[in-house]
Engineer: 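Pasting a structure below so you can have a look.
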Amino acid sequence: MSKKLMLIDGNSIAYRAFFALPLLNNEKGIHTNAVYGFTTMLQKMLQDEKPTHILVAFDAGKTTFRHKTYGEYKGGRQKTPPELSEQFPYIRELLDAYSIPRYELENYEADDIIGTLSLQAEKDGYEVTVVSGDKDLTQLSSKTTTVNITRKGITDIEEYTPEHVMEKWEITPEQIIDMKGLMGDSSDNIPGVPGVGEKTAIKLLKQFETIEKLMESLDEVSGKKLKEKLEENKDQAFMSKELATILREAPVEISLDELTFNGPQDDKLREIFRELGFNSLLEKMGENPESEVEKNLQEIKFDIINEITEEHLATENTLYVEVFEENYHVGEIIGFGLHNEKGTFFFSPEVAQNSPIFAEWAKDENQRKSVYDAKRCIVTLRRLGLDLKGIEFDLLIASYILNPSESADDFASIAKRHGASVIQSDEAFYGKGAKRKIPETAMVAEYLSRKALTISELEKSCIEDLKENNQHELFSELELPLALILAEMEFTGVKVDIKRLKGMKEEIASRLEEIEKKIYKLAGENFNINSPKQLGVILFEKLELPVVKKTKTGYSTSADVLEKLQSKHEIIEYILHYRQLGKLQSTYIEGLLKVIHKDSNKVHTRFNQALTQTGRLSSIDPNLQNIPIRLEEGRKIRQAFVPSKEDWVIFAADYSQIELRVLAHIAKDEKLLHAFKENLDIHTKTAMDVFHVEEKDVTSNMRRQAKAVNFGIVYGISDYGLSQNLGITRKEAGEFINRYFDSYPGVKEYMEEIVQEAKQKGYVTTLLQRRRYIPEITSRNFNIRSFAERTAMNTPIQGSAADIIKKAMIDMAEELVKEGIQAKLLLQVHDELIFEAPKDEIETLKKLVPKVMENALSLDVPLKVDFSYGPTWYDAK
DNA sequence: GCACTCACGC
DNA sequence: GACGTACGTGAGTGCG
């Protein structure tokens, strides 16, 4: 068998892993991202390359022989972050567990060890693979040595053979050092020749081959300036080349024979993985963390009951309701776990349904219930004809409020996070994929009892945590009451005009067919228009249209790209139209038809109340928060949403500029406050301020740009995002933003303060004390940190707006009852509420709805609500 | 089953 | 020099 040596640049890979992955923590608070990244990279390389010999080289001390040549070598480098330093001992342990030799050498860098051993190995007939994150190493590539450089992330690598080096830079591996000598390397502080970059260096090397030959024939260099620079920096160029040259004869005292790889010591490896909490890697090794859970389950006492009596009910209870499918509107109801001072009980839906005692207890406000996912419980009991009242604690919502980023909708992981006794995950209990099934009743009874017990186990500490965070009011006065309202909305559902939808389907199908034919004709062949891959080949290869943008996997064919190509080929407009109609057809018409309940012709969405990081709701199955409105063709979909009763209407009310009003309020910006108090057109006002013109001189283009800037402020987009939005350069977008801040100094000040606050506290809050933790705000990675800063600026704005409309929903529900109105709230779409109501209530709603919404919370600016109504959602515009 | 691209809303 | 950029949901393709 041929011999294959793998040489890994340990420091480089550790750095790469550290910066590529977010700062993961294990249970003990040790950072593990670099170790984790290192491990996955190592596993991938071992699997792909199957080396017979292996070594990981590390840099030794701070100084090397190169510092003698040039004292400033690697100068100006930031010192290794402590979060990374602390991980190196684990990396060493990891390598020991793998039985992979590691080596470092005083005065030399890892590069030199690798260079030396690779040369020896080549002579001995080895095939060599070098692994690093540093492109300098590509100088080692040869007929028998391949250099693998990590691209982005950690497992994505680029293989450098001499051919690939040639392809990429048009020079040989040997010339890499000449290239570095000329262009320098800022990361190693190698000076090179000032004014010479990659392009020039390559051009020169193609002509002269090496720095030596170049310097001998300087006369032949074209360009006076360049010639001078080279002349002046001759010595520096030679020195730079020397610095960039990897030594191939370092005094390495380890022989190739010692590098034989015999595979990992599984026991040791497991131990490390366990210590670091690498569950996914443990699982790969055939260790199932769930089986650990099962071993550690505490024994519990519970009873399966076939009749509910007073003996089973108390005033303080936890009730757990299980539905087999995610969609609790239709899924099989598995049963109930109940825990109170009298014991822990399991009963089936039939038992619950046939028990007048249970029905009474359920609807009694004074019988206190703690649950997990109140909305699910209420809807599920409703399906059994039961009312559920008196819910005073919801573990899911509490967990979400305490930290929205960690609220995966999984009972076991939430329980674990809050320190409960171990419990199996749903996936472990029910199985996943095709194997998912309901186990025998005794098992189910135990599992649901356990869940009920867990809720009661955690309730007290969660409430304490909420109080400590000053979030208890948010929990009990906002989110919990809201859950009841959302349950009501979901259960009510929205009526759909199926005939209308089917009519649209027919019409769009025939139009799609026509467009499809046209596209095939223009393309000269049939292909799958819905496949970006196939479409890319047609547009950019067959029709030779210019490539505007690429994605990871090929040509981008997104709408903004196609729009730029519109003038170049007739086919583009047809493709855009095909896309538009195709989206309507598949997502909105066919998608909606699929989820209509046959008995009632209604759709019952589910609002996820514990998901978004900002406090907004989301809507699924179907998503009724993204029904088309911008383009008329799509907007017509709304004609299919109708009131559930004859002679009723759809009534829609939306907040005008709620986010910007919130911004004015929390930033206390004089100008912005004034604008809203005077009820000015905010985009026009922004244009006047940013462009320094009078109202009459604001062009539609200025207003459009101002609107985009406002949009950017509200959504926290970057200069890049704004530039994409407006089709301008990033620099121009940045200038726009600066001019905005000049015009609204209060806003600027707020933005700066909130970033500081986030840095100091680790989180930001909304008007009603909702929190978002932003640990990335201290990241050393510019991009990650910038993103975190925009999050800090944006979340209080968007989140407070979410608070306000949630409060309005609660107030509204109360008012509807108080006024004895039949109107029903159906949907919430972030800044609007949609009702259905009898015609004769319209006049009342026209007054009541805006009044309630506008007074939901009192700000330093008025809130403004617009409304409209009509026979369908479409007409409520 | 999963990643990727694309597209819809706020 | 990094490297990917408001928040969501859903459909389709194409890989394994």
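Residue numbers start from 1 in every chain, and the chains themselves are labelled A, B, ... in the order their sequence lines are given, proteins ahead of strands.
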Engineer: Please tell me which of the listed nucleotides, C/dT5, B/dC8, C/dG8, lies nearest to the side chain of A/Arg730?
Structural biologist: C/dT5

Engineer: Specify the separation, in whole Å, of atom CD1 of A/Ile797 and atom P of B/dC10.
Structural biologist: 19 Å

Engineer: Looking for any heavy atom pair under 4.0 Å, which part of the strands does A/Thr557 touch: base, sugar-phosphate only, or nothing?
Structural biologist: sugar-phosphate

Engineer: Who are the salt bridge (Lys or Arg N to Asp or Glu O under 4.0 Å) partners of A/Asp134, not counting sequence neighbours?
Structural biologist: none

Engineer: So if I take every side-chain heavy atom of A/Glu590 and compare against C/dA2, B/dG9, C/dG12, which nucleotide ends up nearest?
Structural biologist: C/dG12

Engineer: Any chance you could lay out the salt bridge (Lys or Arg N to Asp or Glu O under 4.0 Å) test for A/Arg616 and A/Glu659, step after step, and finish with the verdict?
Structural biologist: CA-CA 13 Å; A/Arg616 277 186 171 185; A/Glu659 280 100 348; 3.4 Å; yes

Engineer: Answer yes or no: does a side-chain N or O of A/Ser556 lie under 4.0 Å from OP1 or OP2 of B/dC6?
Structural biologist: yes

Engineer: Quick one, which residues of residues 614-628 of chain A touch DNA chain B with a heavy atom under 4.0 Å?
Structural biologist: A/Arg616, A/Gln625, A/Asn626, A/Ile627, A/Pro628

Engineer: Taking the P atom in each of B/dT5 and C/dT5, what is the distance between them to the nearest angstrom?
Structural biologist: 11 Å

Engineer: Counting side-chain heavy atoms from C-beta on, which of B/dC8, C/dT13, B/dA7 comes nearest to A/Tyr588?
Structural biologist: B/dC8

Engineer: Represent DNA chain C in dot-bracket notation, 5' to 3'. Only Watson-Crick or G-U wobble pairs with both distances under 3.5 Å count; pseudoknot-style crossings use [ ] and interstrand partners use |.
Structural biologist: ......|||||||||.

Engineer: The side chain of A/Leu611 lies closest to which of these nucleotides: B/dC8, C/dG8, C/dG12?
Structural biologist: C/dG8

Engineer: So, does A/Arg630 get its side chain near the phosphate of B/dG9, meaning an N or O under 4.0 Å from OP1 or OP2?
Structural biologist: yes

Engineer: Have a look at A/Glu659 and say if it touches a base, only the backbone sugar-phosphate, or nothing, with a 4.0 Å heavy-atom cut-off.
Structural biologist: nothing

Engineer: So what does A/Asp831 hit on the nucleic acid, given a heavy-atom distance under 4.0 Å: a base, only sugar-phosphate, or nothing?
Structural biologist: sugar-phosphate

Engineer: Can you tell me which nucleotide in C/dC3, B/dA7, C/dA6 comes closest to the side chain of A/Arg16?
Structural biologist: C/dC3

Engineer: Check whether A/Asp188 reaches the backbone of A/Ile190 with its side chain - one donor and one acceptor, N or O, closer than 3.5 Å.
Structural biologist: no

Engineer: Distance from A/Phe736 atom CZ to A/Lys731 atom NZ, nearest 0.5 Å?
Structural biologist: 13.5 Å

Engineer: So is the aromatic ring of A/Phe787 stacked onto the base of C/dT5, judging by whether the centres are under 5.5 Å apart and the planes are under 30° apart?
Structural biologist: no

Engineer: At under 4.0 Å between heavy atoms, what does A/Ser786 touch on the DNA or RNA strands: base, sugar-phosphate, or nothing?
Structural biologist: nothing

Engineer: Base, sugar-phosphate or nothing for A/Arg579? Non-hydrogen atoms, less than 4.0 Å.
Structural biologist: sugar-phosphate

Engineer: A/Pro532 has a side chain; which of B/dT5, B/dA7, C/dA6 sits nearest to it?
Structural biologist: B/dT5

Engineer: If the cut-off is 4.0 Å, is A/Lys533 near the phosphate of C/dC15, judged by side-chain N/O to OP1 or OP2?
Structural biologist: yes

Engineer: Are any of A/Ser718's side-chain N or O atoms less than 4.0 Å away from OP1 or OP2 of C/dG4?
Structural biologist: no

Engineer: Rounded to whole angstroms, how far apart are CG on A/Leu584 and C1' on B/dG9?
Structural biologist: 13 Å

Engineer: Roughly how many Å apart are C/dA2 and B/dC6, using the C1' atom of each and rounding to a whole number?
Structural biologist: 28 Å

Engineer: Between A/His329 and A/His597, how do the two ring planes meet: parallel, tilted or perpendicular, split at 30° and 60°?
Structural biologist: perpendicular

Engineer: Rounded to the nearest angstrom, tell me the gap between atom CG in A/Leu663 and atom P in C/dA6.
Structural biologist: 18 Å

Engineer: In terms of side-chain heavy atoms, does A/Tyr655 have a donor or acceptor partner in A/Gln657 at a distance below 3.5 Å?
Structural biologist: no

Engineer: Quick one: does A/Thr766's side chain have a donor or acceptor within less than 3.5 Å of a partner on A/Gly799's backbone?
Structural biologist: no

Engineer: CG/A/Leu545 to OG1/A/Thr557 distance, rounded to the nearest 0.5 angstrom?
Structural biologist: 12.0 Å

Engineer: Separation of A/Lys552 atom NZ from B/dC6 atom C1', in whole Å?
Structural biologist: 14 Å

Engineer: Please confirm whether the shortest side-chain N or O distance from A/Thr551 to OP1 or OP2 of B/dT5 is below 4.0 Å.
Structural biologist: yes

Engineer: Categorize A/Gln613 for me: base, sugar-phosphate, or nothing, with a 4.0 angstrom heavy-atom threshold over every strand shown.
Structural biologist: sugar-phosphate

